[in-house]
Amino acid sequence: MSSTQTPAAEEIAAGGRINPPENKFTSWLSHLLADLGKNGIFLALLAVILFFAVVTDGILLRPQNISNLIVQNGYILVLAIGMVMIIIAGHIDLSVGSVAAFVGACSGVFAVTWGLPWWLSIIMSLAIGALVGMWQGFWIAYVGIPAFIVTLAGMLIFRGLALVVLGNANIGSFPTEYRALGNGFLNNVFGDLDLDPLTLIVAAAAVVALIVGQFRTRAGRQKYGQDVEPIVWFVAKLVLITLAIGFFAYALASYKGIPVTLIVLAVLVLIYGIIMNRSVFGRHVYAIGGNRHAAELSGIKTRKTDFLLFVNMGVLAALAGLIFTARLNLAGPKAGDGFELEAISAAFIGGAAVQGGVGTIGGAIIGGLIIGVLNNGMSILGLGIEWQQAVKGLVLLLAVAFDVFNKRRSGGK
């Protein structure tokens with residue numbers, strides 16, 4: 001070998017390869033495309049919002065309408081949290097609408113007919129939801145009947161029981177504290193002002209927590225030598241999210257403040273996000289949905305996990321029924337109609353896989369918001385219920401088709 005050869009030439013002569021110098025623009029672009037792929041559902045929500053903001057001449061983004069969007073769709077978002085967990089594990093629940101109606105009817109008997117305290121009525125109603133979940137979970141987890149069949153039977157059983165409890169009549173009106181669950185607002189803590197300070201303070205705290213959490217996550221990845229996105233794109237995303245939270249908070253502060261329903265949702269998202277992302281139970285749910293047989297061989301108690309999933313779904317269905325009943329100030333025979341379809345749609349639109357094993361709580365919430373924006377926007381435009389149903393069905397079909405397309409493109413079956 002010639003003594004004049006450079007180290008690079010020596011490495012080539014030895015059969016090695018030299019990696020080309022990293023192109024910063026290419027790296028930045030790859031991170032951008034990867035993020036857009038992972039956050040496609042969020043971009044879809046923004047696109048739907050912008051579309052209806054334009055075609056409704058800005059009515060969609062008025063403070064009152066933004067607040068109503070949360071209040072009117074709160075029960076669907078609650079159901080979507082439980083439903084996505086069920087779907088991740090490879091099951092389905094067709095009974096949640098009937099369970100919500102049944103529990104709402106029971107709460108009407110407790111709070112109105114019997115005159116029990118509002119808080120006791122809520123606790124007893126949630127307990128009934130847990131019992132319903134235990135009933136269905138037993139047949140699914142320990143008897144081995146498919147969830148589709150059990151919950152289809154449950155849809156009929158609990159719809160019938162709701163009619164029995166109500167006697168085919170409406171029950172109302174509910175105590176003021178009970179109604180606050182669906183129609184209440186946390187405001188005027190600092191006095192009756194044009195902008196509610198508490199809402200802005202909570203939003204500012206949320207932004208600070210988000211920024212600190214993101215920087216800690218980035219530092220942790222760097223510490224362990226993991227790949228991180230370019231700092232410019234990282235900061236740009238945080239700025240965009242901060243502006244979105246600020247606009248949302250300003251709209252709420254301009255109207256009536258923070259809806260109680262939003263507080264309930266925020267607590268649920270925080271709790272269930274931790275459960276699904278950082279707990280053993282959450283990892284077991286994903287493992288069962290990914291490959292049930294392998295999960296059993298690895299020692300996961302699949303029956304117990306399935307049972308707990310349906311108990312949880314029963315409690316969340318009960319909570320959704322309470323929120324819906326409180327919003328209407330009425331427990332009626334028609335309550336819960338179509339709830340299961342909207343909850344399932346929210347989960348699938350939010351990225352849950354039909355075969356199980358894939359899905360997130362955040363994705364289900366965004367999917368539910370997309371449905372809510374579609375409902376709200378089409379109602380503002382004066383479209384009939386028949387067209388609204390058709391559009392939502394088309395959106396669901398396209399969402400699932402997109403999931404199937406991505407799996408085929410990545411080599412999955």
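None of the values given here were measured: they were computed from a predicted structure.
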May I ask you to check whether F324 and F339 place their ring centres under 6.0 Å from each other?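 Centroid separation for F339 and F324: below 6.0 Å.
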Pair up each side-chain donor or acceptor in residues 392-400 with any protein partner under 3.5 Å, not counting sequence neighbours, and list the distances.
unit_1	atom_1	unit_2	atom_2	d
K392	NZ	E342	OE2	2.8
K392	NZ	N375	OD1	3.1

With sequence neighbours left out, write down each residue that passes side-chain hydrogen bond (donor to acceptor under 3.5 Å, both in side chains) with [X], or none if nothing qualifies.
X	value
S345	none
D337	R159
Q222	none
E340	none

Enumerate the salt bridge (Lys or Arg N to Asp or Glu O under 4.0 Å) contacts for residues 206-220, please, sequence neighbours excluded, ordered by first and then second residue.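 The answer is none; no pair qualifies.
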For [range], pull every pair meeting side chain to side chain donor-acceptor pair (under 3.5 Å), keeping only residues two or more places apart or in separate chains.
range	result
residues 245-264	none
residues 77-94	H91-R292, H91-D306, D93-S95
residues 101-114	S107-Y178
residues 53-81	N65-N376

Please table the atom pairs, donor to acceptor, closer than 3.5 Å between any side-chain atom in residues 276-285 and protein atoms at least two apart or in another chain.
unit_1	atom_1	unit_2	atom_2	d
N277	ND2	G273	O	3.0
S279	OG	I275	O	2.3
S279	OG	G282	N	3.1

So do [Y] and [X] actually touch side chain to side chain, heavy atoms under 4.5 Å?
X	Y	answer
I263	L186	yes
V78	L268	yes
V84	F348	no
F247	L61	yes

List in chain and number order the residues that pass side-chain contact (heavy atoms from CB on, under 4.5 Å) with A180, two or more places apart in sequence or in another chain; answer none if no residue qualifies.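 side-chain contact (heavy atoms from CB on, under 4.5 Å) list for A180, sorted by chain: empty.
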